[in-house]
Number of protein chains: 2
Amino acid sequence: MPGRKAAERPGNTGRPVTINDVAQLAGVSVGTVSKALNGRGSLRAETRHRVLSAAEQLGFQPNRAAVALNSGRTYTVGMITTDTIGRFSIPLMMGAEDALGAGEMSVFLCDARDDPIREQYYLRTLLSRRVDGIIVTGRRTQARPPIGTGLPIPVVYAFISSTDPRDCSVVPDEAGGAHKAVDHLLAVGRRRIAHITGPEHHHSATVRATAATDRLAEAGLRLAGAPLFGEWSEAWGRQAAQLLLGANAEVDAVFCGSDQIARGVADALRAAGRRVPDDVALVGFDNWDVMALGCQPPLTSVDMELEKLGRTAADLLLAAINGEASPGRHTHPCRLVIRDSTAASSTPAPALDSAPGGS
Amino acid sequence: MPGRKAAERPGNTGRPVTINDVAQLAGVSVGTVSKALNGRGSLRAETRHRVLSAAEQLGFQPNRAAVALNSGRTYTVGMITTDTIGRFSIPLMMGAEDALGAGEMSVFLCDARDDPIREQYYLRTLLSRRVDGIIVTGRRTQARPPIGTGLPIPVVYAFISSTDPRDCSVVPDEAGGAHKAVDHLLAVGRRRIAHITGPEHHHSATVRATAATDRLAEAGLRLAGAPLFGEWSEAWGRQAAQLLLGANAEVDAVFCGSDQIARGVADALRAAGRRVPDDVALVGFDNWDVMALGCQPPLTSVDMELEKLGRTAADLLLAAINGEASPGRHTHPCRLVIRDSTAASSTPAPALDSAPGGS
DNA sequence: GAAAGTCAGGAAACCGTTTTCCGAACACGC
DNA sequence: GCGTGTTCGGAAAACGGTTTCCTGACTTTC
């Protein structure tokens with residue numbers, strides 16, 4: 001048996017094959033193997049081929065730890081979700097992971113679960129692992145304090161944003177999304193539009209409510225009643241819809257802060273004998289397929305395109321790793337997905353003064 | 001300036017601090033620093049303290065790549081989701097990540113997106129990164145071919161299972177879950193139980209349907225009509241409920257293969273004037289909160305406890321990494337979560353012969 | 001035919017950490 | 001005052017790659 005004195009751990013069937021094994025089989029030195037595999041130096045075609053087939057035969061995979069050690073690059077990034085991984089994080093993560101994978105980067109998954117201690121633990125771990133960069137995501141779009149200061153590697157905030165304007169953040173243009181929702185309702189002839197949304201202390205709720213109000217004001221209109229702040233739940237949607245029906249039966253559209261709320265509203269309206277979209281048009285937010293498609297009728301909704309957003313974040317991170325940082329807050333447009341809940345009524349609304357700038 | 005000839009990459013503000021920096025500051029050798037930080041060897045308390053405070057002062061974090069290189073352990077594992085990361089993968093991943101994090105292991109996230117090419121790419125990547133183990137998950141519980149053979153590291157299949165019985169798989173006891181659902185319906189006095197579920201070619205659908213049928217047979221009963229196979233959607237639930245109402249109005253309970261289907265059934269029943277649970281009791285599967293709680297009334301459902309399952313998978317993987325492999329198929333019990341959709345009717349069903357073994 | 005130049009591939013340093021081995025200093029007993 | 005043991009800490013090898021430098025063989029040129 002050749003003199004292999006590597007610390008063989010008994011549980012392992014055959015320790016991983018190293019560049020040394022390849023060199024031995026090909027009858028060359030390790031330096032030559034490295035050159036052959038990486039296309040460096042000058043080697044005879046025959047030698048190169050001999051090395052390549054030896055590597056192939058042994059199923060050689062270079063030990064990335066060793067590569068990392070002398071290149072200083074690990075080709076890994078960390079992805080920290082500040083809160084529990086959920087519906088919003090997933091498309092983000094998938095988009096980012098996909099974009100990073102294309103750049104041969106692997107992703108460390110870190111679920112901080114809304115716990116600052118866990119978050120800092122993960123940050124230390126990632127720094128210790130010498131990741132090339134970090135993506136920070138979270139369920140809420142509200143700005144949060146930077147995860148660390150003076151970090152030796154670039155950080156990109158996705159969906160969530162950093163309170164430090166010098167940090168790189170990628171956020172959905174929620175106000176723009178609300179604008180699109182309102183514009184669409186106006187375009188299909190609705191004029192008495194109510195807004196039902198989540199808790200007032202929730203950043204997204206206020207941003208969307210404000211944007212909707214503002215857009216209506218630009219069109220010379222007002223929201224039908226004050227925005228109804230509550231919870232991000234179907235139950236609240238149902239409850240709020242009943243409030244609306246009790247107070248003001250003349251509403252012809254409801255723009256909701258989430259698809260869940262919209263769905264509750266749809267159910268309550270139907271139970272009260274109002275038809276969607278004929279009597280009341282409905283727009284949700286999030287374009288969450290199970291909610292938007294399960295709704296009766298299927299729901300028009302604002303899509304924040306989180307997967308694209310994740311991809312953008314990853315691209316910005318890759319650029320920053322390569323020395324081309326793009327600090328600042330980058331907004332990412334939302335897209336309105338139109339479905340039956342805002343289909344043009346069979347009985348068209350009376351033509352009012354046309355909304356200015358509406359195209 | 002002291003002779004630092006490290007390859008300084010210009011983009012980086014201050015290269016990460018190494019054990020050498022600590023040694024220099026503390027006025028000792030690197031070996032001593034290592035001993036001080038890891039509690040090895042015999043050092044004077046004063047020396048140890050001097051090293052620790054130097055490390056503290058510099059914010060030293062050992063380079064894990066270097067540690068990996070000479071320990072052979074990377075303290076990382078790969079998590080491959082064979083299909084797109086989704087509703088089922090998330091709790092699994094969270095559970096696994098949590099259990100692994102407690103063991104100081106970091107997790108590489110790999111989303112294979114139902115693409116065997118991607119899957120093999122990720123497998124190679126993970127092997128190249130010398131992960132200590134791999135967890136394979138997927139959306140379907142059906143057995144799949146092993147991700148690789150003769151791998152040098154342990155693999156645990158979670159939720160999904162491997163066709164090779166020597167592989168370690170952790171799967172939910174779906175049949176047991178169906179049994180619990182049926183037992184509960186029997187216990188609240190229902191006798192004419194129908195079953196609506198997903199596509200017949202879907203493993204989970206047939207397993208649950210068969211288990212429900214068998215359990216009823218044990219109680220001397222039969223399913224009300226053949227199982228209705230369709231899709232995993234609310235629309236199918238609504239449609240199937242109408243079929244049921246048209247064909248057989250005497251059903252007093254429906255056990256559904258998923259919460260989405262159950263929700264569709266609930267909506268259709270309500271639209272047809274049937275009360276849930278008074279006229280028809282309803283049980284779902286998955287205990288997906290948004291569906292089960294959004295449903296009117298809230299849905300009794302079978303919970304596969306995926307987070308626990310993920311944790312179990314991680315624990316089995318950690319054990320296997322430590323040389324204590326537990327090959328074979330491990331089943332994980334389901335839990336029935338009882339809500340209003342199966343509340344005891346206000347008008348109790350006539351007491352039939354009591355179901356045997358019902359407690 | 002000798003000097004110069006080119007080409008192929010080997011030897012060794014290096015990355016950052018751990019661990020083994022060894023030597024120096026010191027205390028102790030005789 | 002000299003061997004012996006103990007304690008502390010340094011030197012160096014090892015992990016698995018990459019890269020630089022160098023040498024030897026061959027080719028070219030005058």
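Residue numbers begin at 1 in each chain, while the letters A, B, ... track the order of the sequences.
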Could you state the [atom1]-[atom2] distance from [X] to [N], rounded to the nearest angstrom?
{"X": "B:Asn70", "N": "C:dT17", "atom1": "CG", "atom2": "C1'", "result": "5 Å"}
{"X": "B:Ile19", "N": "D:dA14", "atom1": "CD1", "atom2": "P", "result": "19 Å"}
{"X": "B:Leu69", "N": "D:dG17", "atom1": "CG", "atom2": "P", "result": "9 Å"}
{"X": "A:Arg130", "N": "C:dG16", "atom1": "CZ", "atom2": "C1'", "result": "9 Å"}
{"X": "B:Asp21", "N": "C:dG16", "atom1": "CG", "atom2": "P", "result": "9 Å"}
{"X": "A:Leu37", "N": "D:dG17", "atom1": "CG", "atom2": "P", "result": "10 Å"}
{"X": "B:Leu43", "N": "C:dT18", "atom1": "CG", "atom2": "P", "result": "13 Å"}
{"X": "A:Asn20", "N": "D:dC15", "atom1": "CG", "atom2": "P", "result": "9 Å"}

Given [N], is OP1 or OP2 found less than 4.0 Å from the side-chain N or O atoms of [X]?
{"X": "B:Arg40", "N": "C:dT19", "answer": "yes"}
{"X": "A:Thr32", "N": "C:dG10", "answer": "yes"}
{"X": "A:Arg44", "N": "C:dC7", "answer": "no"}
{"X": "B:Thr47", "N": "D:dG9", "answer": "yes"}
{"X": "A:Asn38", "N": "D:dT18", "answer": "yes"}
{"X": "A:Ser29", "N": "C:dA11", "answer": "no"}
{"X": "A:Arg73", "N": "D:dG17", "answer": "no"}

Checklist entry - Which nucleotide, D:dT18, C:dC7, D:dT20, lies nearest any side-chain atom of A:Ser34? => result D:dT18

Item to check | Sidechain N-carboxylate O distance under 4.0 Å for B:Asp114, B:Arg139 | outcome: yes

Next on the checklist: Main chain of A:Ser34, side chain of A:Asn38: is a donor-acceptor contact present, judged purely on distance under 3.5 Å?
Outcome noted: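 Judged by distance alone, yes, a pair lies under 3.5 Å.
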
Assess the side chains of [X] and [Y]: does a donor N or O sit below 3.5 Å from an acceptor N or O?
{"X": "B:Thr312", "Y": "B:His330", "value": "no"}
{"X": "A:Arg130", "Y": "A:Thr74", "value": "no"}
{"X": "A:Ser29", "Y": "A:Thr32", "value": "yes"}

Touch class at under 4.0 angstrom, heavy-atom based, for [X] against every strand present:
{"X": "A:Arg48", "value": "nothing"}
{"X": "A:Val33", "value": "nothing"}
{"X": "A:Thr18", "value": "sugar-phosphate"}

Next on the checklist: With nearest nucleotide decided by heavy atoms, which residue, B:Val30 or B:Arg50, maps closer to the 5′ end of DNA chain D?
Outcome noted: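 Going by which nucleotide is closer to the 5' end, it is B:Arg50.
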
Next on the checklist: Quick one, B:Arg311 with B:Glu97, criterion salt bridge (charged side-chain N to carboxylate O under 4.0 Å, His left out). Give me CA distance, side-chain angles, the key distance, then yes/no.
Outcome noted: CA-CA 8 Å; B:Arg311 209 179 296 269; B:Glu97 199 265 350; over 6 Å; no

Item to check | Presence of donor-acceptor pair under 3.5 Å, side chain of B:Asn63 and base of C:dT17 | outcome: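 Check fails, no donor-acceptor contact within cut-off.
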
